[in-house]
There are 2 protein chains.
Amino acid sequence: MHCKPNNLGIIERKEREKAEMRRRIVDAAVQMIVEEGYEKVSIRNIADKIEYSPATIYLYYKDKDELLYDVQSQAFATLAEEFREKINAVDPFKRLEQLAVAYLDFSRQHPELYDLMFIIKAPMNTLVEKEKWENGDPSYDALHGLMQECIEKKVVKFKDATIATLSVWGFAHGLISLHLRGRCTKVSRVPEEDIPGVIATAIDEYLEMIKA
Amino acid sequence: MHCKPNNLGIIERKEREKAEMRRRIVDAAVQMIVEEGYEKVSIRNIADKIEYSPATIYLYYKDKDELLYDVQSQAFATLAEEFREKINAVDPFKRLEQLAVAYLDFSRQHPELYDLMFIIKAPMNTLVEKEKWENGDPSYDALHGLMQECIEKKVVKFKDATIATLSVWGFAHGLISLHLRGRCTKVSRVPEEDIPGVIATAIDEYLEMIKA
DNA sequence: TTTGGAAAATAAACACTGTTCAGTATATTT
DNA sequence: AAATATACTGAACAGTGTTTATTTTCCAAA
């Protein structure tokens with residue numbers, strides 16, 4: 001039978017402990033992904049790091065994908081922080097430029113996190129039983145709102161906010177992910193060391209192009 | 001000691017057989033990736049399919065990455081074919097539009113191959129001991145040449161062919177890969193079923209925008 | 001304070017993966 | 001026919017995610 005302790009303090013503490021354990025697991029995973037790369041993140045390695053048995057992790061996460069979804073959430077939190085710090089202009093187009101720079105910077109300072117957020121399949125498998133991608137939604141909405149404002153104030157050529165949002169995001173993501181996954185490297189006429197500069201220039205030119 | 005057969009016919013046949021075996025392996029892998037998806041492609045599954053032992057595969061490929069590199073090569077060959085069929089206009093800008101459509105179509109008809117060509121890390125690991133990405137190079141060069149021509153004939157706003165190439169490719173790839181990896185799905189204001197249409201429209205608008 | 005039972009943690013196994021290596025079978029040369 | 005080089009494979013190693021039966025820990029009532 002299900003036991004309901006009379007003492008409500010205990011059930012609260014249990015919940016706190018449960019949450020704390022999940023935090024420990026996610027923190028270990030985040031640290032490993034940042035310091036040793038995504039490929040080193042295995043259930044056994046995480047278990048080692050937090051000094052628990054691998055099976056214990058399955059008392060807190062139903063599978064690895066669900067765990068990675070929480071790691072992704074953490075990654076989006078740090079991206080959101082960067083956005084708050086670096087996006088502060090009053091002019092919406094200026095804010096768009098700041099956002100682009102912040103996004104590109106993030107991808108360079110935390111390539112493994114970027115991968116988990118926007119490229120790797122695993123964390124998205126948990127979305128089948130959700131009706132919203134809570135992790136990515138705030139950032140998407142921030143960009144959507146910004147594009148909306150840019151359209152209203154006629155500072156960009158776009159007419160539709162959704163197309164504008166996906167275009168800007170897609171443009172930046174396309175260049176970043178091609179580079180991250182080694183598709184620009186060793187291709188004719190593109191010297192390896194020049195690529196980061198080319199990407200930055202391409203994004204600059206693109207923003208110039210969409211300007212109304 | 002190293003044996004050098006006197007009969008040159010035999011050494012030739014051996015080479016033919018070696019090449020044929022590699023072809024069998026790659027064909028099995030391509031078929032599996034297309035029919036059952038990338039995740040089902042394991043050395044053991046390939047070995048089963050061609051009725052050899054898993055260890056045999058390692059007599060023809062030093063590791064799985066090298067094998068996948070050859071699978072990727074096959075994939076690029078079919079993309080090149082599509083390009084030859086669908087790109088035939090005389091006007092360079094019209095050709096660019098045809099190329100964009102062909103690229104988008106390919107990503108939809110062969111999403112698993114697209115993944116292997118432009119997203120998955122594995123096949124690119126073999127590039128460390130190469131000085132060129134032979135698989136992707138012809139396609140890249142085709143686009144680069146086309147952009148060069150567009151610039152010379154002043155039908156696009158770009159000044160630099162490399163930036164133009166990466167911009168166009170990056171834009172299309174960004175939207176396609178975000179969609180392929182489930183990042184557009186379940187995000188505010190973007191109904192799932194509309195995404196393919198939005199992507200096509202975004203690409204159209206982009207091409208309109210870069211037109212001189 | 002001891003005992004009953006729920007909750008938390010784990011050891012061990014299962015079914016996979018890529019890869020290596022010793023040993024066998026086949027084919028070719030002497 | 002014997003020697004040798006080539007082709008192949010069974011079995012193992014080290015790793016993966018995950019499940020289950022078992023043990024340990026904890027808390028509440030007798």
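Throughout, a chain's letter reflects where its sequence line sits, starting with A, and its residues are numbered from 1.
- Side-chain N/O atoms of B:Arg44 and base N/O atoms of C:dG18 include a donor-acceptor pair closer than 3.5 Å.
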Given the rule in the side-chain contact (heavy atoms from CB on, under 4.5 Å) test, do A:Ile25 and A:Tyr52 qualify, once you have shown the distances and angles that lead to the verdict?
CA-CA 10 Å; A:Ile25 293 170; A:Tyr52 278 84; over 6 Å; no

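- Between A:Ile46 atom CD1 and D:dG15 atom P the separation is 16 Å, expressed in whole Å.
- A salt bridge links A:Glu20 and A:Arg24; the closest N-O separation between the charged side-chain nitrogens and carboxylate oxygens is under 4.0 Å.
- Ring geometry for B:Tyr114 versus B:Tyr103: interplanar angle over 60°, hence perpendicular rather than tilted (30 to 60°).
- For the pair B:Ser42 and A:Ile57, nearest-nucleotide mapping onto DNA chain C gives the more 5' position to A:Ile57.
- Between A:Tyr60 and C:dA9, a side-chain N or O to OP1/OP2 separation shorter than 4.0 Å is present.
- With sequence neighbours excluded, the residues forming a side-chain contact (heavy atoms from CB on, under 4.5 Å) with A:Phe76 are A:Gln72, A:Leu79, A:Met117, A:Phe118, A:Trp133, A:Asn135, A:Ser139, listed by chain and number.
- The separation between A:Tyr58 atom OH and D:dG17 atom P is 6 Å, rounded to whole Å.
- In terms of phosphate contacts, A:Asn45 brings a side-chain nitrogen or oxygen within less than 4.0 Å of OP1 or OP2 of D:dT16.
- When the side-chain nitrogen and oxygen atoms of B:Thr56 are compared with OP1 and OP2 of D:dC8, none of them lie within a distance under 4.0 Å.
- For the pair B:Tyr52 OH and D:dC8 C1', the interatomic distance rounds to 9 Å; values are reported in whole Å.
- Between A:Lys40 atom NZ and D:dG15 atom P the separation is 9 Å, expressed in whole Å.
- Regarding A:Leu68, its CG atom lies at a distance of 14 Å from the P atom of D:dT16, rounded to whole Å.
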Under the side-chain contact (heavy atoms from CB on, under 4.5 Å) criterion, do A:Met209 and B:Phe158 qualify, and how do the steps go?
CA-CA 10 Å; A:Met209 199 129 63; B:Phe158 292 109; 4.2 Å; yes

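- Mapping A:Glu17 and B:Met21 onto DNA chain D by nearest heavy atom places B:Met21 at the nucleotide closer to the 5' end.
- Checked against D:dG17, D:dT9, C:dT19, the side chain of A:Lys64 finds its nearest nucleotide in D:dG17.
- Inter-residue side-chain proximity for B:Leu104 and B:Leu175 is flagged as unmet; no heavy-atom pair is nearer than 4.5 Å.
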Pairs under 3.5 Å (N/O, protein and nucleotides 21-27 of chain C):
none

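- Atom C1' of nucleotide D:dC8 and atom CG of B:Asp48 are separated by 16 Å, given to the nearest angstrom.
- Note: CD (A:Glu39) to P (C:dT17) measures 18 Å, nearest angstrom.
- Regarding B:Ile43, its CD1 atom lies at a distance of 5 Å from the P atom of C:dG18, rounded to whole Å.
- The two residues A:Ile203 and A:Ala100 make their nearest non-hydrogen contact at CG2-CB, 4.1 Å.
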